[in-house]
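All values reported here derive from a predicted model rather than from experimental measurement.
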Amino acid sequence: MEIEMMQAKIHRVTVTEANLNYIGSITIDSALLEASGILPGQRVCVVNNNNGERFDTYVIEGERESGTICLNGAAARKAQPGDVIIIISYARMTPEEAREFKPVVIFPDTKTNKL
């Protein structure tokens, strides 16, 4: 049996853009992806601290050190620029692996979205 556990969390970043006319996803500064271990194309859960919305989407790699957090497509309806969000990835593992696993949590500056 496998269970889903939090793999990584980008805690409290500020949405910089919302692009309704894009195919869909969330674009994240590649420096944040590297620090968190979240991969382009990976499924993530996004939690909006401003309005309580929670939704799943996939990651697109953004420009390094740009501070970009852009919601694309339908996700752009769930948050607006200036909203503070949390981005969480999950991984499947056995209960034995989960007992030993330590998730990565990063705390970027909410004004710049940089570490």
Flag if over 12 foreign heavy atoms under 6.0 Å of CZ, Arg43: no
Non-hydrogen side-chain atoms of Ile88 and Met6 separated by less than 4.5 Å: yes
Pair Asp109 + Lys114: basic N to acidic O under 4.0 Å: no
Test item: side-chain donor near acceptor, Thr27 and Asn72, under 3.5 Å: yes
Option passing side-chain contact (heavy atoms from CB on, under 4.5 Å) with Ser36 (candidates Ile28, Leu115, Ile106): Ile106
Ile86 side chain near Asn49 side chain, heavy-atom distance below 4.5 Å: yes
Check ion pair Arg77-Glu53 (N to O, under 4.0 angstrom): no
Student check: side-chain heavy atoms of Val46 and Asn48 closer than 4.5 Å: no
Salt bridge Arg92-Glu2, side-chain N to carboxylate O under 4.0 Å: no
Any donor-acceptor N or O pair under 3.5 Å, side chains Thr68, Asp29: no
Contact check, side chains of Val104 and Ile38, non-hydrogen atoms, under 4.5 Å: no
CD (Glu96) with more than 12 external heavy atoms under 6.0 Å: yes
